[in-house]
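Taking it in order: structure first as structure tokens, then the write-up.
Every value quoted in this text rests on a predicted model; they were computed, and no experiment measured them. Whatever order the structure lists them in is the order used to number ligands and atoms, beginning at 1.
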Amino acid sequence: MLLRAFLLENSQEILNPARMDIDKIRSDYESAGQGQVFRFWDRLDSDQKEQLAAQLAEVDFSEIDRLVATLIKGDGESKTDFDHLQPAPYVPLPQNGGDASRWAEARTVGEEALRAGRVAAFTVAGGQGTRLGYDGPKGTFPVTPIRNATLFQVFAEKILCAGKLYDVAIPWFIMTSRINHEATVSFFEENDFFGLNEDDVIFFSQGMMPAVDFEGKLVLGTPDSLALSPDGHGGSLRALVRSGATAEMKKRGVDIISYFQVDNPLVKVIDPTFVGFHVLEESEMSSKMIPKAYPGEKVGHFTILDEKLTVIEYSDLPSELAEQQDADGRLRFRAGSIAIHMISRDFVERMGGGEGGLPMHRADKKIGVADDEGVSRKPDAPNGVKFEMFVFDALPEAKNPIVIETDRDEDFSPVKNAEGLDSPETCRRDLLRQYARWLKDVGVDVPVDENGVPDRVFEMTPLRGFDRESFAENPENEGLSLPEPDQVL
Ligand code: UTP
């Protein structure tokens, strides 16, 4: 029986208008040089005035001033000491020289943690997916070759499959933003939560940040609203705490959070081995790396900076370092970050509680702003700055952070762009390649080309296995035969 969805709201409530002193708010804004936000005031009705005033009352001027000074005007910008930057160590896969017995032990330990109900899945799905240009929450984007199953469905089926194997209900926390929250929840309701128990799918919204123009002035998206945008995937740490999600985890006995992004259907939503390494190392935040395919590949780099594990974004690493090779001719800074982490609940509570938190970054974006007539228009080129936090900025604060290698083909093929690299097309191809590999493991030889792409289009549901090992070990997959074109196994 389906129960009502458990919905957590971010506690950043709109302030009660009755308590607002609009004259005071207006004079504060004018003295801060931000009076332009009252540009349409005289044309607003009383509800609109209340809405805008409530937003304005929430803005933390000192934070905006500090961000404008550091990120836009460039004062006091800290410079990375690239001279002393070192590549971060990582645990290689057994096939790349890692200790196979350690990997096997990690899987056993991770499976125990899963069976004990210590692990929750966590998807950050609050982004706006502007590059894909899809109208709707990105998780509702169809990705699989035959069923056109959406990203959310693929994750749900992996969670169902792992839950069945470990005989446990694995809770799934999904972070939305105010922009896509309703649409996300409705999508799950319309699809009966893809077979999951509604109580075990927990939605909450992340915080929003006001955008500014290149002069640091707050901008209006519409006459009665600031241009607001989600505060980045790093906003997940404070949203997990503020929404009550971590308290809910505690109640359920969950102390390990399997963090992944909404746009990667290959991701091992549940990865016992990764859980096991996290537990064995007593790590507060663990990460997966893939060796970068080429120096300019757009993934962050795991490095050691001031003795701390630090991700340096691809755009920030000087090209001479990105291209440097080690004695074996491999890229020296090869450990690429693919935004997959195991995070301890305690660590989230420490990092996401209080006023502190992660640093903000600047993202120059096309921001829809109200023109002189009050009509919201999106420009063709970036016209302002959004402020975002990045989850990997928590790593330097984590105790015993560990990085393990993963097989790109089994964990990473994001849908970022409408076409070309990291697009629905590359993702579909990578799913097909995965199906063929997994079938080969159980004795079914699907003819493939030199890139491992099968000669036919078919599909396998994640209900048969949430990862390669669980697929191979599932007795139901014994006796499978060569799939027909268009067949769903
Ligand atoms: P991206 O960096 O790819 O951003 O997010 P995006 O907003 O989805 O897409 P573009 O850049 O506009 O094309 C990586 C992951 O972080 C989540 C996204 O939903 C995605 O899973 N994210 C990003 C959030 O949850 N909140 C944010 O504020 C930003």
Atom indices of ligand 1 within 4.0 angstrom of Gln261 heavy atoms, with elements: 14 (C), 15 (C), 21 (O)
Taking atom 20 (C) of ligand 1 as the reference point, the nearest protein heavy atom with its distance: Val124 O, 3.8 Å
Heavy-atom nearest neighbour in the protein, as seen from atom 7 (O) of ligand 1, with distance rounded to 0.1 Å: Gln128 N, 2.8 Å
Which segment of Glu388 sits under 4.0 Å of ligand 1 when only heavy atoms are counted: neither
Identity and separation of the nearest protein heavy atom to atom 8 (O) of ligand 1: Gly129 N, 3.6 Å
Ligand-side contact atoms (ligand 1) for residue partner Met175, heavy atom cut-off under 4.0 Å: 25 (O)
Top protein contact for atom 24 (C) of ligand 1, by heavy-atom distance: Gly127 N, 3.2 Å
Taking atom 2 (O) of ligand 1 as the reference point, the nearest protein heavy atom with its distance: Arg131 NH2, 3.9 Å
Presence of salt bridge, Arg428 and Glu425, under 4.0 angstrom: no
For atom 26 (N) of ligand 1, the protein heavy atom that lies nearest, with its residue and separation: Gln206 OE1, 2.7 Å
Atom 12 (O) of ligand 1 [closest protein heavy-atom partner, distance rounded to 0.1 Å]: Thr130 OG1, 2.4 Å
Ligand 1 atoms in contact with Lys416 (distance to a heavy atom under 4.0 Å): 1 (P), 3 (O), 14 (C)
Partner of Glu157 by side-chain contact (heavy atoms from CB on, under 4.5 Å), out of Thr461, Thr144, Leu196: Thr461
Backbone or side-chain N or O of Gly126 under 3.5 Å from ligand 1 N or O: yes
Mode of Ala125 contact toward ligand 1 - side chain, backbone, both, neither (heavy atoms, under 4.0 Å): backbone
Partner of Trp172 under side chain to side chain donor-acceptor pair (under 3.5 Å), chosen from Thr123, Asp200, Asn197: Thr123
Pairing of Arg238 and Asp231 as salt bridge, 4.0 angstrom limit: yes
Residue-ligand contact Gly232/ligand 1, heavy atom below 4.0 Å: yes
Member of Val385, Asp364, Asp213 meeting the side-chain contact (heavy atoms from CB on, under 4.5 Å) criterion with Ile72: Val385
Trace of the salt bridge (Lys or Arg N to Asp or Glu O under 4.0 Å) decision for Lys292 with Glu297: CA-CA 6 Å; Lys292 284 181 63 180; Glu297 189 178 14; over 6 Å; no
Within 6.0 angstrom of Asp306 CG, more than 12 heavy atoms from elsewhere: no
Element-labelled atoms of ligand 1 that are located less than 4.0 Å from some non-hydrogen atom of Val262: 19 (O), 21 (O)
Sidechain N-carboxylate O distance under 4.0 Å for Arg107, Asp467: yes
Salt-bridge contact Glu459-Arg147 (side-chain N to carboxylate O under 4.0 Å): yes
Test applied, ring-ring contact (aromatic ring centres under 6.0 Å, His included); reference residue, Phe152; option that passes from Phe194, Phe141, Phe203, Phe188: Phe188
